[in-house]
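For reference, the structure discussed in these notes is given below.
Numbering of residues begins at 1 and proceeds along the displayed sequence.
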Amino acid sequence: MSAVELHARPSPDFDAKLAATTALLKLAAHDFARAPGAGAPLVAQASSLGAEDMVISHLINTLQLDIGIFVLETGMLHAETLQLLAQLQATSRAPVEVFKPVNESVVRFVAREGKDAMYKSVDLRKACCHIRKVEPLARALAGKKAWLTGMRREQSGARAEVPMIDTSDLTGGTGRVKFNPLANWTWGDVWHYIALHQVAYNPLHDQFYPSIGCAPCTRAISLGEDFRAGRWWWEDESAKECGLHVKQQPSVSEEATA
C-alpha cells in the first residue's frame, strides 16, 4: 500500500486550512518582496524534500510566488532523495538552490572521528549535523529576511506549539521571520493534498519513512511508533533535533532540523 493510500485522510476543515496556508504564502511573498535590482528573493523555503516540503514547493509554484527554494545536500542523503531533488530542479518554476557542506570540514571530521561518529555520542552527532546542515543553512539564508519550513505541530512534542508565523528571532536572534505554513495540518491533510494534485514525493514514504533525513540517521518506523521515531532512534527523545530550528541563538551560523 502506498503512502497516499495509507494516509490521505483530510481533516473536516482541510479547505479552511488550505486557504489559510495559501494566504500565508502570499503574505510572505508580499511582505518580503524582492528588493529593486536584487538577484534573489528575500524569502526562501528550506526544503528537506519530505512530503510537507513538496506540498509547500507545489503551492509556491502553483501560485507563482517570488519565493526561492533551497535544499541542504548533506552528502549523506538517500539515493531516492537525490533523485527527487533532481526532479524538483527540473520541474520547479521557482529557482531551486543546493547548498553542500564545506568539503574540508567533512574530511577533517570523518578523519578525526570516523564515518560512524554520529552513533558514538549526542555531541558528535550534533557536530556532524552542524557541519552538514547548520553551516550550509547559514549560507543559504544569507541576505534573507524570512524563510519557510515544513514544521507541523503534530510531528513531535517539541513542535507541538509551532506557530504559523514565528517572529521570536527578530530580536536577539537571527533577525528573520520564520513561516510554518503547514503548522496546523495533519499528516492526513498533507497526503490528501499530494493525492489531489499528484505531487511528486520520496518513495521512501511508501516504505514507512515518515521523516527522512540523512541515510545513517533515518530508519523506517513500526506501527504505533512516534512520527519521528526513525530519526536518531538511538538517542533520547529530547535530543532529536539537528539544530536547524533551535531557539534563542545569537546567529544562524552558531545554531547548535528536518
Check [X] against [Y] and note the closest heavy-atom contact, atom names and distance.
{"X": "Ile69", "Y": "Ser92", "value": "CD1-OG, 3.8 Å"}
{"X": "Glu135", "Y": "Ile131", "value": "CB-O, 4.3 Å"}
{"X": "Gln45", "Y": "Ser57", "value": "OE1-OG, 2.7 Å"}
{"X": "Pro181", "Y": "Thr21", "value": "O-OG1, 2.7 Å"}
{"X": "Gly150", "Y": "Gln155", "value": "O-NE2, 3.4 Å"}
{"X": "Asp66", "Y": "Val43", "value": "O-CG1, 4.0 Å"}

Would you compute the distance between atom [atom1] of [X] and atom [atom2] of [Y] and round it to the nearest 0.5 angstrom?
{"X": "Thr186", "Y": "His192", "atom1": "OG1", "atom2": "NE2", "result": "10.0 Å"}
{"X": "Ser2", "Y": "His205", "atom1": "OG", "atom2": "NE2", "result": "12.0 Å"}
{"X": "Glu52", "Y": "Ser211", "atom1": "CD", "atom2": "OG", "result": "7.5 Å"}
{"X": "Leu49", "Y": "Gln83", "atom1": "CG", "atom2": "CD", "result": "12.0 Å"}
{"X": "Asp53", "Y": "Ile212", "atom1": "CG", "atom2": "CD1", "result": "10.5 Å"}
{"X": "His30", "Y": "Leu65", "atom1": "NE2", "atom2": "CG", "result": "12.0 Å"}

Check this for me: does any side-chain nitrogen of one of Arg108 and Glu104 sit under 4.0 Å from a carboxylate oxygen of the other?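 Here Arg108 does not pair with Glu104 in a salt bridge, since their nearest N and O are not under 4.0 Å apart.
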
Whether over 12 other heavy atoms sit under 6.0 Å from Phe208 CZ: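 Count not over threshold, so no.
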
Can you tell me if NZ on Lys100 sees more than 12 non-hydrogen neighbours from other groups inside 6.0 Å?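 Not more than 12 within 6.0 Å, no.
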
Please determine whether residues [X] and [Y] belong to a single hydrophobic cluster, defined as Ile, Leu, Val, Met, Phe, Trp and Tyr linked transitively by side-chain heavy-atom distances below 4.5 Å.
{"X": "Leu42", "Y": "Ile165", "answer": "yes"}
{"X": "Leu170", "Y": "Leu27", "answer": "yes"}
{"X": "Val106", "Y": "Leu82", "answer": "no"}
{"X": "Leu137", "Y": "Phe99", "answer": "yes"}
{"X": "Leu63", "Y": "Val55", "answer": "yes"}

Exam field: side chain [X] to backbone [Y], donor-acceptor pair closer than 3.5 Å:
{"X": "Thr218", "Y": "Gly213", "answer": "yes"}
{"X": "Asn180", "Y": "Pro163", "answer": "yes"}
{"X": "Asp206", "Y": "Ala3", "answer": "yes"}
{"X": "Asn184", "Y": "Arg153", "answer": "no"}
{"X": "Lys120", "Y": "Gly114", "answer": "no"}
{"X": "Arg176", "Y": "Lys144", "answer": "yes"}
{"X": "Arg34", "Y": "Gly39", "answer": "yes"}
{"X": "Glu97", "Y": "Ala140", "answer": "no"}

Side chains of [X] and [Y]: does their closest heavy-atom pair fall under 4.5 Å?
{"X": "Asp189", "Y": "Arg152", "result": "no"}
{"X": "Trp233", "Y": "Ile221", "result": "no"}
{"X": "His58", "Y": "Ile194", "result": "no"}
{"X": "Ile60", "Y": "Arg93", "result": "no"}
{"X": "Pro136", "Y": "Arg132", "result": "no"}
{"X": "Asn202", "Y": "His78", "result": "no"}

Sequence-distant partners of Glu225, salt bridge (charged side-chain N to carboxylate O under 4.0 Å, His left out), two or more places apart: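 Glu225 satisfies salt bridge (charged side-chain N to carboxylate O under 4.0 Å, His left out) with Arg219 once adjacent residues are dropped.
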
Qualifying residues under side-chain contact (heavy atoms from CB on, under 4.5 Å), relative to Ala127, sequence neighbours excluded: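 Ala127 satisfies side-chain contact (heavy atoms from CB on, under 4.5 Å) with Phe109 once adjacent residues are dropped.
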
Examine the side chains of Ser121 and Asp123 and answer whether a donor and an acceptor come within less than 3.5 Å of each other.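 No, because no side-chain N or O of Ser121 sits under 3.5 Å from a partner of the opposite role on Asp123.
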
Is the ring pair Tyr119/Trp234 parallel, tilted or perpendicular, if the boundaries are 30 and 60 degrees?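 Aromatic pair Tyr119/Trp234 classed perpendicular.
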
In terms of the angle between their ring planes, are Tyr193 and Trp185 parallel, tilted or perpendicular, with boundaries placed at 30° and 60°?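 Aromatic pair Tyr193/Trp185 classed tilted.
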
is_close_aromatic(Tyr201, Trp191), centroid dist under 6.0 Å: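 Yes, the ring of Tyr201 comes within the 6.0 Å limit of the ring of Trp191, centre to centre.
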
